[in-house]
Amino acid sequence: MTTKDQLLLYLKKNQGNWVSGELISNNLAVSRSAIWKHIRKLKEEGYVIESAPKKGYLLSKDSDPISADEISEGLCTKIFEKKNIIYLKETDSTNTRAKELAAQGAPEGTLVIAEKQTKGRGRRGRSWFSQPGGGIYCSLILRPIMQPGETPRITLMTAVVLAETLISLMKLKLRIKWPNDILINGKKLAGILTEISTEMDAVNYIVVGLGMNVNTLFENFPREIKKSATSILIETGNRVHRIKLIQEYLKLYEQYYDMFKKNNFEPIMNRWRALADIIGKQIRVDVIGKTHIGKVIDVDNDGVLILKDDQGRLQTIFSGDVTLARF
Ligand code: BTN
């Protein structure tokens, strides 16, 4: 273990309390100036550490930095391993970075995660608000053996994994909104952006991007999304440890992905249907240049929405923005 790691461990054991430089120096057998140097490094990595003369150092209780080390600590997954976790303090978009890495041959299970995105991308050409420290912005590289037409299933599965992660850790009352949003109290908490590279009739790689508002305060959301977005902090009043969330997400991801690879998609889809609670509902779907209104008959295993309009005609819709119709 490096001196920096030892120092971090020491501060973590005393998290929320002041520890004197002298005590640390004696315990770790390093000079006070070396401690100061490592403290500066830890701060650069995102740890919130206060320092004061005569008091020493204090690792704040709200300190919640993301690092590959912290994510991999205690993570018992097969495809997600430390050497394939790429942490970036700042990037344009983790999906863009992950696509570049995938094109260069990065293995399945590679995770690109950033504290801050300057050009976070959403579905349908939208941008994704990515406040540093407030959320989780990450992209997974997968290399499943499947037909390109089946890839929407990965997005459906990811929405289930995400919902189950939030339910298992926080018992959140949430809903999946077709095709891939996670809503709480009608507001958007998280979204998924899946991008693929295909060749003839095979998939080269899939990049599954996840954006989630975790510890974002209401006042920090931009005005345009204040009414439609929410965060776990806003909904529960509690700050959430992002590392725990990411670890649970990766753990469940592997379980569901194993099921998926064994062609056991039906139970995943059934769970999606239960969490979405959209079948039988009267909805409006805005597709570019067109609006469909009707009753949802089903969402099939490829994520296609099947709608019956008021004249009894069936419509199949591949993508769009859904709102529950009010008459
Ligand atoms: C949506 O609901 O429109 C999808 C949002 C997906 C945002 C995430 S943040 C991490 C990853 N990188 C991006 O540029 N986009 C996705």
Side-chain angles (χ1 to χ4, degrees), residues 66 68 71 80 85-103 106 110-142 151-152 154-163 165-166 174-184 186-197 205-216 220-222 224-232 242 245-246 249-250 253 272 275-276 278 285-288 303 305 318-323:
I66 290 175
I71 295 173
F80 306 117
I85 300 177
I86 292 146
Y87 167 75
L88 303 167
K89 210 166 157 44
E90 177 176 332
T91 189
D92 48 359
S93 148
T94 56
N95 262 39
T96 307
R97 292 281 80 76
K99 281 199 294 181
E100 269 173 22
L101 288 168
T110 300
L111 175 79
V112 181
I113 184 156
E115 186 64 68
K116 179 180 175 189
Q117 293 187 121
T118 50
K119 281 192 189 137
R121 296 184 284 111
R123 282 173 55 236
R124 310 181 77 194
R126 295 179 182 132
S127 62
W128 183 261
F129 169 65
S130 313
Q131 194 210 10
I136 293 176
Y137 319 111
C138 66
S139 304
L140 276 176
I141 297 176
L142 303 177
T151 50
I154 291 283
T155 311
L156 296 165
M157 182 193 81
T158 305
V160 173
V161 171
L162 191 51
T165 302
L166 295 164
L174 48 80
R175 206 168 67 74
I176 296 178
K177 181 183 170 200
W178 181 85
N180 54 13
D181 292 349
I182 301 286
L183 303 190
I184 300 190
K187 292 185 169 190
K188 184 156 167 172
L189 181 83
I192 298 159
L193 178 67
T194 309
E195 298 184 277
I196 61 169
S197 155
Y205 62 80
I206 305 184
V207 165
V208 189
L210 159 67
M212 174 154 46
N213 307 318
V214 183
N215 295 321
T216 321
N220 289 339
F221 278 118
E224 352 33 293
I225 59 169
K226 265 194 163 52
K227 277 196 181 141
S228 59
T230 193
S231 71
I232 300 178
R242 289 178 299 166
L245 253 174
I246 298 161
Y249 173 67
L250 296 179
Y253 211 103
W272 188 95
L275 287 162
I278 195 181
V285 191
D286 292 310
V287 186
I288 303 161
L305 188 77
F318 295 86
S319 155
D321 286 325
V322 168
T323 24

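Residues take their numbers from the sequence shown, with the count starting at 1. When a ligand or atom number is given, it counts from 1 through the structure's own listing order.
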Which of parallel (below 30°), tilted (30 to 60°) and perpendicular (above 60°) describes Y253 and F80? perpendicular

Would you say N180's side chain and T155's backbone share a donor-acceptor pair under 3.5 angstrom? no

Determine the sole option in K119, Q117, R121 for which the side-chain hydrogen bond (donor to acceptor under 3.5 Å, both in side chains) test with S130 is passed. Q117

Any donor-acceptor pair under 3.5 Å from T165 side chain to V161 backbone: yes

Which N/O atoms of ligand 1 sit under 3.5 Å from a protein N/O, and at what distances?
from: ligand 1; atom 1: 2 (O); to: K188; atom 2: NZ; distance (Å): 2.5
from: ligand 1; atom 1: 3 (O); to: R123; atom 2: N; distance (Å): 2.6
from: ligand 1; atom 1: 12 (N); to: T94; atom 2: OG1; distance (Å): 3.1
from: ligand 1; atom 1: 12 (N); to: N95; atom 2: N; distance (Å): 3.4
from: ligand 1; atom 1: 12 (N); to: Q117; atom 2: OE1; distance (Å): 3.0
from: ligand 1; atom 1: 14 (O); to: S93; atom 2: OG; distance (Å): 2.7
from: ligand 1; atom 1: 14 (O); to: R121; atom 2: N; distance (Å): 2.7
from: ligand 1; atom 1: 15 (N); to: R121; atom 2: O; distance (Å): 2.7

Taking atom types as modelled and ignoring hydrogens, do the side chains of T216 and S231 form a donor-acceptor contact shorter than 3.5 angstrom? no

Quick one: does K187's side chain have a donor or acceptor within less than 3.5 Å of a partner on T230's backbone? no

